[in-house]
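Convention: sequence-line order gives letters A, B, ...; per-chain numbering from 1. Predicted, not measured: the structure shown is a model, and the values here were computed from it. The analysis underlying the following values was restricted to heavy atoms, covering all of them including side chains, and did not include hydrogens, waters or symmetry mates.
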Amino acid sequence: MQRIKIKELLEGAEAGHDVLLKGWVRTKRGNKYVNFIAVNDGSTIHNLQVVAEADKFSEEALKDVTTGAAVAVTGQLVASQGKGQAYEVQATHIEVLGKADPEVYPLQKKAHSLEFLREIAHLRFRTNTFGAVFRVRNALAFAVHKFFNEKGFVYMHTPIITASDAEGAGEMFRVTTLDLDKLPRTEEGAINFAEDFFGKATNLTVSGQLEGELAAMAFSDIYTFGPTFRAENSNTTRHLAEFWMIEPEMAFYDLQMNADLAEEFIKYIIRHALENNRDDIEFLGQRLAEEDKAKPQNERQEMTLLEKLEFVANNSFERITYTQAIDILVNSPAYKKKKFQYDVSWGSDLHSEHERYLVEKHFKKPVIVTDYPKDIKAFYMRVNDDNKTVAAMDILAPGIGEIVGGSQREERLDILVERMKGVGIHEEDMWWYLDTRRFGGCPHAGFGLGFERMVQFVTGMGNIRDVIPFPRTPQNAEF
RNA sequence: UCCUCCUUAGCUCAGUUGGUUAGAGCACAUGACUGUUAAUCAUGGGGUCCCUGGUUCGAGCCCAGGAGGGGGAGCCA
């Protein structure tokens, strides 16, 4: 008999058929006469109840059927006599494929803290919460490719190892094959990277954007979706040293079109998850609601997770300029009551308390902030006609903060070179980038979306370490 | 990196003013129970009180240093 997955079995359920199912035991309960075994195979949040009657199974036969064990069950799918599930399997044969000694198996049939589960990340996939989180993550990743594919974007694999450290997006991880105990030196005493693997100093990428721009100058629309590395000593609930980023880059797009695409994209992948993983999101919503009960009234969420996602998917994002954002903040009650730790003035960057005020208090929806002062933004962002601001955009999401950062790119060679000089980037190191402005350059734009932050938003998980299978953070590279 | 809180049984957590043998719930084991829903009931086993040093007649509790973790901030996606 061919094994059937629980998801498929429940969707096309028809009582009376013999089935073979394989999975892991979540709980076993019962008495001298009958045992109930909840089996989960990861295809869905739902368990399938296996009924093992004592006249068919001795105590000895069920001895190793314990929480965590892998089992193969054959039996007839029948309408359940009990409440709580429509169908169950009347077992005729149960084989324990892999035991899980209950004395030492860390997962129990009770709730565990997320912190504890983080320490056993190799087993946490087997919990309801992490099962749901990673099925949603998968749905979102698939939706990313589906969205761009439907729009005719080319999926581009930009390099992981890069010799360019001009991106200015953060501290980088060095990649080297040099013997760290015997570093080759130049006559001046500096490390001689000419002897290194690539003949020059190399790092792990902090962004595929610059290479993405090169490809967009041929395919019109491209996107990247790959790992990104930042060696910042960040210890927060929304930073990782290794994370996944989606970076579309579009020729002939201006800032407005860029923002339109980003908004459409975010709504699309949320809708995809809502349509395909509703059970998981409902479960995560219940989990969140439980968590909320422990909080004081004023800190509780106004909407359930499902409501929040439906709302975001069906309402337009607020769009304001940086200058308008400063106005709103300066005139806010919070500012007048001196509630902000950091001052607000035109020219300084928005702090997270300001972003949160705009998104969570003032607008209560995602906000796209555009046209930031050029001095606080990257060199490649296009300078506006006022010569004070650049065509940048950040999308701020409730509870997460910055989820997207993007801009129209500076396509005018002279202005770009001038801005590079201003931040100390050598023109000759970036000859290939500047060539796109020399040969058939055109207006273009793009953005980067932090995938894990997106997964956080959709799952409601508060800590970014709980939405990536094996998080890499300062002082932690376990598993 | 800074601020702040935490670390007691496998897990979640109590532990009073420094005082005799460190507790609970869950988990686990054994038994009971004819269909359970994190089943229930009874009984039982289970401890490097994070580590090192100090104060004290006496430290889980006080002091110093260290390690690990949570939350917030900065950097950013």
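- With the nearest nucleotide of RNA chain B identified for both A:R29 and A:T67, A:T67 has the one nearer the 5' end.
- B:rA22 and B:rG47 have their C1' atoms separated by 9 Å, with the value rounded to a whole Å.
- Two rings, from A:H145 and A:F225, have their centers less than 6.0 Å apart.
- In this structure, A:F125 has its ring center closer than 6.0 angstrom to the ring center of A:F470.
- For the P atom pair drawn from B:rU20 and B:rA59, the interatomic distance equals 12 Å after rounding to whole Å.
- Look at CG on A:L107: it is 12 Å from P on B:rC28, rounded to the nearest Å.
- A donor N or O paired with an acceptor N or O is not found under 3.5 Å between the base of B:rG10 and the side-chain atoms of A:E103.
- For A:W24, the side-chain contact (heavy atoms from CB on, under 4.5 Å) partners two or more places apart in sequence, or in a different chain, are A:A70, A:R126.
- Using C1' as the reference atom, B:rG58 and B:rU12 are 31 Å apart when rounded to the nearest Å.
- Between B:rG65 and B:rG23, the two P atoms lie 33 Å apart (nearest whole Å).
- Between the C1' atoms of B:rC26 and B:rC62, the separation comes to 33 Å (whole Å).
- The aromatic rings of A:Y322 and A:W346 lie perpendicular to each other, with more than 60° between the two planes, well past the 30° mark.
- Using C1' as the reference atom, B:rA32 and B:rA39 are 14 Å apart when rounded to the nearest Å.
- Side-chain atoms of A:E478 and base atoms of B:rG68 include no donor and acceptor less than 3.5 Å apart.
- Between A:K83 and B:rU37 there is no side-chain N or O to OP1 or OP2 distance below 4.0 Å.
- At the phosphate of B:rG72, OP1 or OP2 sits under 4.0 Å from a side-chain N or O atom of A:T237.
- Checked by distance alone, A:E115 brings no side-chain donor or acceptor within 3.5 Å of a matching partner on the base of B:rG70.
- Listed pair A:N31 / B:rU40 fails the phosphate criterion, with no side-chain N or O lying under 4.0 Å from OP1 or OP2.
- Following rounding to the nearest Å, A:Q341 (CD) and B:rU4 (P) show an atom-to-atom distance of 13 Å.
- Side-chain N/O atoms of A:Q81 and base N/O atoms of B:rU36 include no donor-acceptor pair closer than 3.5 Å.
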